[in-house]
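For reference, the structure discussed in these notes is given below.
A note on names: the letters A, B, ... follow the listed sequences, proteins ahead of strands, and every chain is numbered from 1. No experiment lies behind these values; they were computed from the predicted model shown.
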Amino acid sequence: MNNLSRRSFVSFALASTSLLAMPAISTGSARPKVVVVGGGAGGATAARYIAKDSKGAIDVTLIEASKHYYTCFYSNLYLGGFRDYDSIGHSYDNLSANHGVNVVHDWAISVDSSARKVRLGSGATVSYDRLVLSPGIDIKYDSIDGYSVEAQTKMPHAWKSGTQVKVLRDQVLNMPKGGTFAMVPPPNPYRCPPGPYERISMVAHILKEKNPTAKIVVIDPKNKFSKQGLFMAGWEKHYPGMVEWIDNDTHGGIKNVNPETMEIETDLDTFKADVACVVPAQRAGAIAMNAGVTDGDWSPIVPASMQTKADGNIYVLGDASVASAMPKSGFSANSQAKVAANHIRGELTDSRVFPAKFSNTCWSLVATNDGIKVGANYKAGDEKIEVVDKFVSKTDEGNAKRKKTYEESIGWYNGITTDMFS
Amino acid sequence: MVNIIFKFFIAISCLLIFRGLLAEPLLDGADFDYGEYLSGQCVTCHQSSSDEGIPAINGAEALYIAEKLMLYKNKELENEVMQLVASALDKEQIASLAIYFNSLEK
Ligand SMILES: Cc1cc2nc3c(=O)[nH]c(=O)nc-3n(C[C@H](O)[C@H](O)[C@H](O)COP(=O)(O)OP(=O)(O)OC[C@H]3O[C@@H](n4cnc5c(N)ncnc54)[C@H](O)[C@@H]3O)c2cc1C
């Protein structure tokens, strides 16, 4: 820290208590303003790094609808009984207390990009010099005939942060003996490529213990999936005969779902389920659409900075962005947030801007102490984020290694949530 | 006796000089601010204090960190994630990370 920034940090620290007590909209400071919409893997990280590293030189406001963030990552482990629900919930208190982020719990309703203002649900507006959008996904309810907002209590998708995964767990625990659990994974591209298959593993884990004659049928709109060989070998090893995966070519396409009769109709057959998890197609959160920075369902970005191609003052992170080779994961969103934070600080305070570096690893749990992983690092190409190198777990690597991989994932979970919320 | 002490002294000096020769190039070109930026990639997994699942690295010896990263880079240490991370780091970046993490409180 040089003297100047140390001094401004001290005065900021002294002023921050009174600043924080004021409404978001009237901080009235001459400091450059960054508004971050969405306090998830991308947004919480970006807000924290911009505030922390600028040491008070940038006024950071985080607009997040929920008071607590329940991570989608590890929600499958909650489903499988490996975590309790409270352990995946996180508060925003430290972001304001430790870094002076102005946290506003409200919905961002619209963006006026020429006036550089965000309108909130309360009717208030917040102005920005740079805007970061990390709203995650919206579910395309109409992408599956018969599915709807109302259908989600009967056939939960449980693909967004929140309590749906609790509903799903109760349904699985109360499934009739020897019943059928149906899973409809989403089509590409979607949040967390291995997620549906980890979910199947976790449901199988509960059923093996509590309802061993039950069956799982996976009606996939795809013909292949992430870590497929590893998952399928794991299902055969731990849950022999329980999981049937039907690819799109075999069932010929999903025609509709019926939440009343709990049926899923395909060209091949109509499947009747006792419990069904149906995950429709997805798109960028609505606020990205509203800001005019999307092309189709997602936001194209400039790889070196995560600025949107449409508007240099607006950055889009995480699931909502077109990050090319990078999967839509919490790890990716967190990695992109640091690139954006560094770039934004450079633009607003002339701090040094370093070359973009991205990475991702996705861990999945197949059964007790059987963890697998897939990872890659990436660089910013001119047009796209490009893979530099990658790895994936091996089918024959042995139990000790798998246990270690699972333990490593616990370290990662603690690490990333600390990196977002401490 | 004097002879033994003398030999011991020489041996220690050689060791120190040798280590110094090894050490310096590994930390050459270190840039603290760059290390701080690059550390963002590490702290997605490495926590400041807990060793659960993944070791804490704050406050570790700079040379130790640099040596470990070089070993991962050369695939002489196991762990796919670390091999991947280290393979994308050049010497200057490794040195920068090493001095940055060394500066943090344990
Ligand atoms: C079952 C499952 C398992 C997963 N497992 C993993 C895993 O093991 N590892 C991994 O890396 N990733 C995993 N993921 C993926 C990960 O959860 C997402 O990729 C990640 O959360 C994306 O971060 P984000 O910032 O884009 O969006 P989110 O984390 O979803 O954050 C978006 C936030 O924005 C808020 N928001 C949206 N719109 C507005 C608005 N207009 N106004 C105010 N607030 C708004 C929302 O309330 C939300 O809190 C998993 C996902 C699922 C569903």
Side-chain angles (χ1 to χ4, degrees), chain A residues 1-2 41 45 48-49 52-53 330-339 341-342 345-346 351-361 363 371 373-379 387-394 397 401 404-420 422, chain B residues 29-60 65 68-70 72-101 103-106:
Chain A
M1 220 190 279
N2 62 32
T45 309
R48 181 170 172 271
Y49 272 74
K52 170 172 82 66
D53 293 345
F331 198 128
S332 295
N334 169 273
S335 172
Q336 293 157 8
K338 292 165 197 172
V339 169
N342 182 249
R345 280 205 302 126
S351 62
R352 286 167 73 190
V353 178
F354 297 103
K357 225 174 196 327
F358 303 99
S359 55
N360 176 63
T361 296
W363 285 267
K373 56 184 171 180
V374 59
N377 49 31
Y378 307 86
K379 66 169 199 264
V387 178
V388 177
D389 207 356
K390 58 184 177 184
F391 73 86
V392 59
S393 295
K394 302 196 172 51
E397 61 197 359
K401 175 83 189 268
K404 239 181 147 179
T405 300
Y406 169 54
E407 289 164 356
E408 195 176 86
S409 82
I410 299 173
W412 164 76
Y413 184 86
N414 296 339
I416 190 170
T417 50
T418 305
D419 201 31
M420 292 162 66
S422 70
Chain B
D31 172 340
F32 187 87
D33 290 350
Y34 197 11
E36 180 174 27
Y37 167 71
L38 291 168
S39 74
Q41 203 184 357
C42 315
V43 297
T44 303
C45 301
H46 290 277
Q47 301 164 77
S48 52
S49 51
S50 165
D51 275 328
E52 190 183 8
I54 292 172
I57 50 177
N58 285 10
I65 297 175
K68 284 271 174 171
L69 282 171
M70 286 309 285
Y72 281 119
K73 188 177 169 71
N74 298 331
K75 307 223 178 330
E76 290 168 60
L77 274 179
E78 286 280 320
N79 188 301
E80 300 90 332
V81 181
M82 282 310 302
Q83 289 180 354
L84 197 72
V85 168
S87 72
L89 296 171
D90 63 25
K91 270 198 57 209
E92 184 206 339
Q93 293 170 329
I94 286 180
S96 304
L97 277 167
I99 63 154
Y100 174 71
F101 275 107
S103 77
L104 299 178
E105 256 175 58
K106 274 198 192 190

Which answer fits [X], side chain, backbone, both or neither, if we ask what part of it has an atom under 4.5 Å from a heavy atom of chain B?
X	value
A:Thr361	side chain
A:Lys401	side chain
A:Lys404	neither
A:Asn342	side chain

Under a 4.5 Å heavy-atom cutoff, which of [options] has the most pairs with chain B?
options	answer
A:Tyr413, A:Phe358, A:Phe354, A:Trp412	A:Phe354
A:Glu407, A:Lys379, A:Met420, A:Arg352	A:Arg352
A:Asn414, A:Asn334, A:Val392, A:Ile410	A:Asn414
A:Gly375, A:Ala341, A:Ser335, A:Ser359	A:Ser359

Does a sphere of radius 6.0 Å around [atom1] in [X] hold more than 12 heavy atoms from other residues, nucleotides or ligands, not counting ones at 6.0 Å or beyond?
X	atom1	value
B:Glu76	CD	yes
B:Glu78	CD	no
A:Lys394	NZ	no
A:Lys52	NZ	yes

Side chain, backbone, both or neither: which part of B:Thr44 has a heavy atom under 4.5 Å from chain A?
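Contact with chain A involves both backbone and side-chain atoms of B:Thr44.
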Interface moiety of B:Glu36 toward chain A, non-hydrogen atoms closer than 4.5 Å:
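Only the side chain of B:Glu36 comes within 4.5 Å of chain A.
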So, the side chain of A:Asp389 versus the backbone of B:Ala88: is there a donor-acceptor pair under 3.5 Å, distance only?
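No, the answer is negative, given that no donor and acceptor are paired below the 3.5 Å cut-off.
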Checking B:Tyr37 side chain against A:Pro355 main chain: does a donor-acceptor pair fall under 3.5 Å?
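Here the side-chain-to-backbone pair exists.
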With chain A, which of B:Asp31, B:Asp51, B:Leu38 has the greatest number of heavy-atom pairs at distances under 4.5 Å?
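Top count of heavy-atom pairs under 4.5 Å with chain A: B:Asp31.
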Against chain A, work out which of B:Leu84, B:Asp33, B:Ile54 has the most heavy-atom pairs shorter than 4.5 Å and name it.
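Heavy-atom pairs under 4.5 Å are most numerous for B:Leu84.
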Tell me, with the steps shown, if B:Glu80 and A:Thr405 meet side-chain contact (heavy atoms from CB on, under 4.5 Å).
CA-CA 10 Å; B:Glu80 300 90 332; A:Thr405 300; 5.9 Å; no
What pair of heavy atoms forms the shortest contact from B:Gly40 to A:Tyr49, and how long is it?
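Taking B:Gly40 first and A:Tyr49 second, the nearest heavy atoms are CA-OH, 4.0 Å.
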Between atom CH2 of A:Trp363 and atom SG of B:Cys45, what is the distance when rounded to the nearest 0.5 Å?
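Rounded to the nearest 0.5 Å, the CH2-SG separation comes out at 4.0 Å.
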Would you say the side chains of B:Gln41 and A:Asn377 form a donor-acceptor pair under 3.5 Å?
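No, A:Asn377 and B:Gln41 have no side-chain donor paired with an acceptor closer than 3.5 Å.
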